[in-house]
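Residue numbering restarts at 1 for every chain, and letters A, B, ... go by the order of the sequence lines.
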Number of protein chains: 2
Amino acid sequence: MVKRKSDCPINYSLEIFGDNWTLLIIRDIMFFDKTCYGDFYESAEGIATNILADRLRFLISEKILKKLVSPKNKSKFIYRLTQKGIDLMPTVLDLVEWGAKYNRDTFPKKFMTWLRKDREGLMKHYREKAMLNPANSIPERRKQHR
Amino acid sequence: MVKRKSDCPINYSLEIFGDNWTLLIIRDIMFFDKTCYGDFYESAEGIATNILADRLRFLISEKILKKLVSPKNKSKFIYRLTQKGIDLMPTVLDLVEWGAKYNRDTFPKKFMTWLRKDREGLMKHYREKAMLNPANSIPERRKQHR
DNA sequence: CAGGATCCGTTTCGATACTG
DNA sequence: CAGTATCGAAACGGATCCTG
């Protein structure tokens, strides 16, 4: 587990954002339909497997993500945003807008157009999408000692 | 100078936020009247001098901050937000709100009340404050080779 | 084969001492 | 006051291995 400098009274947000990878994971799950380990591994620009596992574990421990067992395949896991994670959407979108204003490496054009024209609608769309639960998934293992 | 992983097509924002310290510096200069090295050193929860110097240099190179010579004291420098820096205000405020919702370590109570009641007014206030230039400061040294 | 864990060389960070 | 130099500690990243 990564050791973070949470021993000093630092803004909590920094524990999430003061890292190169967590925001990428959140971005991917929030807007790009990534749901499982393999998806993140592919899309988060070159993350190492151990780092990815560590960050996922961290995000789950912070209750920003939750981990579910895939209904189709018992050895596949699905990661989803919690409400706390969904609540990061305004922040992420602000960063997207800021990045688009001062840099050009950014989200797909269609997304940006939508964001500029109807930010509220876009947020509603992705918020609802994030809240759909895959029908019959089950929560990950509960405490093993009964 | 810090070496960042900007060689991969990562979101530009991460170069600013994927770090433990830059956000603290921005927070302090944006909302807490910190203007110079010593101020940041005091208030950014235990930052080391070399890291502080490095981050300030980085923020200047990214044109998020600008460095001015104090009119009073030629060996004192004043750091101020550029427009690009000021444009990070919505993001920072989102993080403040998110942090306040899910954690209690947060901004002063008065600030939070104001933020909740009148976010636009608060932003206007701090934006204007950030744009006041100290009267007769002069830009930092221009290229030394003529 | 998905989802990691482990090992290990390399890079970056950070505390302290020191300098113009 | 505003930084730089040094050096040990921590985090990263890549490869490989493990387990169901």
Side-chain angles (χ1 to χ4, degrees), chain A residues 1-8 10 14-25 28-29 34-61 65-80 137 140-141 144, chain B residues 1-8 10 14-15 18-25 28-29 34-61 65-80 137 140-141 144:
Chain A
M1 194 55 166
V2 83
K3 168 58 180 58
R4 275 150 208 285
K5 51 197 317 313
S6 49
D7 42 314
C8 66
I10 206 168
L14 277 185
E15 296 196 27
I16 315 303
F17 281 83
D19 172 87
N20 272 314
W21 298 112
T22 47
L23 186 57
L24 288 182
I25 296 171
D28 285 336
I29 195 170
K34 311 293 176 177
T35 58
C36 57
Y37 192 92
D39 293 338
F40 300 128
Y41 181 67
E42 279 182 8
S43 70
E45 292 87 343
I47 191 170
T49 62
N50 53 344
I51 306 293
L52 175 55
D54 180 85
R55 292 312 183 271
L56 288 172
R57 207 180 302 122
F58 171 74
L59 285 167
I60 288 162
S61 79
L65 298 184
K66 58 194 167 191
K67 186 176 181 178
L68 309 167
V69 179
S70 166
K72 314 275 165 92
N73 178 347
K74 298 277 288 179
S75 71
K76 198 170 166 64
F77 301 105
I78 292 176
Y79 295 87
R80 318 211 78 227
S137 61
E140 199 202 359
R141 70 163 184 278
Q144 46 275 77
Chain B
M1 193 53 170
V2 82
K3 170 55 181 61
R4 275 147 208 287
K5 49 194 320 310
S6 50
D7 43 313
C8 68
I10 205 168
L14 277 185
E15 298 196 28
D19 171 86
N20 273 313
W21 299 110
T22 48
L23 186 57
L24 288 183
I25 295 170
D28 285 338
I29 195 171
K34 311 293 177 180
T35 58
C36 57
Y37 192 93
D39 293 339
F40 301 129
Y41 181 68
E42 278 183 10
S43 70
E45 291 86 344
I47 191 170
T49 61
N50 55 342
I51 306 295
L52 174 55
D54 180 86
R55 292 311 183 273
L56 287 172
R57 208 181 301 122
F58 171 74
L59 286 167
I60 288 163
S61 79
L65 298 184
K66 58 194 167 191
K67 185 177 182 179
L68 309 168
V69 179
S70 166
K72 314 276 166 92
N73 179 346
K74 298 278 287 181
S75 70
K76 196 171 167 65
F77 301 106
I78 293 176
Y79 295 88
R80 318 210 80 225
S137 61
E140 200 201 0
R141 71 159 182 280
Q144 47 275 75

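Comparing D/dA2, D/dG14, D/dT4 against the side chain of B/R57 picks out D/dT4 as the nearest. When the nucleotides D/dG3, D/dC12, C/dG3 are ranked by their closest atom to the side chain of A/D19, D/dC12 comes out on top. Nearest nucleotide to the side chain of B/K67, out of D/dG3, C/dG4, D/dT4: D/dG3. Proximity note for B/F77 (side chain, C-beta onward) versus C/dA2, D/dA2, C/dG14: the nearest is D/dA2. Here C/dA5 is the nucleotide among D/dG3, C/dA5, D/dG13 with the atom lying nearest to any side-chain atom of A/A53. Counting only heavy atoms from C-beta on, A/Y37 has its side chain closest to C/dG4 among D/dT4, D/dG13, C/dG4.
The base of C/dA5 sits within donor-acceptor range of the side chain of A/T49, with an N or O pair under 3.5 Å. Counting atom types as modelled, A/N50 pairs a side-chain N or O with a base atom of D/dG14 as donor and acceptor under 3.5 Å.
Close to C/dG14, at under 4.0 Å from its OP1 or OP2, lies a side-chain N or O of B/W21. Contact annotation: B/K76 does not reach the phosphate of D/dG3 (side-chain N/O to OP1 or OP2, under 4.0 Å). Between A/R55 and D/dG13 there is no side-chain polar atom (N or O) within less than 4.0 angstrom of OP1 or OP2. Phosphate contact (OP1/OP2 of C/dG3, side-chain N/O of A/Y79, threshold under 4.0 Å): absent.
The separation between A/L52 atom CG and C/dA5 atom C1' is 13 Å, rounded to whole Å. Rounded to an integer number of Å, the gap from CD1 of B/I51 to P of D/dT4 is 12 Å. Going from atom CZ of B/F58 over to atom C1' of C/dT12 covers 15 Å, rounded to whole Å. Between A/I60 atom CD1 and C/dG4 atom C1' there is a gap of 12 Å when expressed in whole angstrom units. Following rounding to the nearest Å, B/E42 (CD) and D/dG3 (C1') show an atom-to-atom distance of 16 Å.
With DNA chain C read from its 5' end, the first of the two nearest nucleotides for A/G38 and B/I47 is the one closest to A/G38.
Residues A/Y37 and A/T49 are in side-chain contact: their nearest non-hydrogen atoms beyond the backbone lie under 4.5 Å apart.
Side-chain N or O atoms of A/Y79 include none that pairs as donor or acceptor with a backbone N or O of A/K34 at under 3.5 Å.
Closest approach of A/F77 and A/C36 over heavy atoms only: O-CB, 3.0 Å.
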Checklist entry - Could you walk me through whether B/I29 and B/L65 pass the side chain to side chain contact (heavy atoms under 4.5 Å, CB included) check? => result CA-CA 9 Å; B/I29 195 171; B/L65 298 184; 3.8 Å; yes
Checklist entry - Stepwise, does the side chain to side chain contact (heavy atoms under 4.5 Å, CB included) test hold for A/L59 with A/T22? => result CA-CA 8 Å; A/L59 285 167; A/T22 47; 4.3 Å; yes
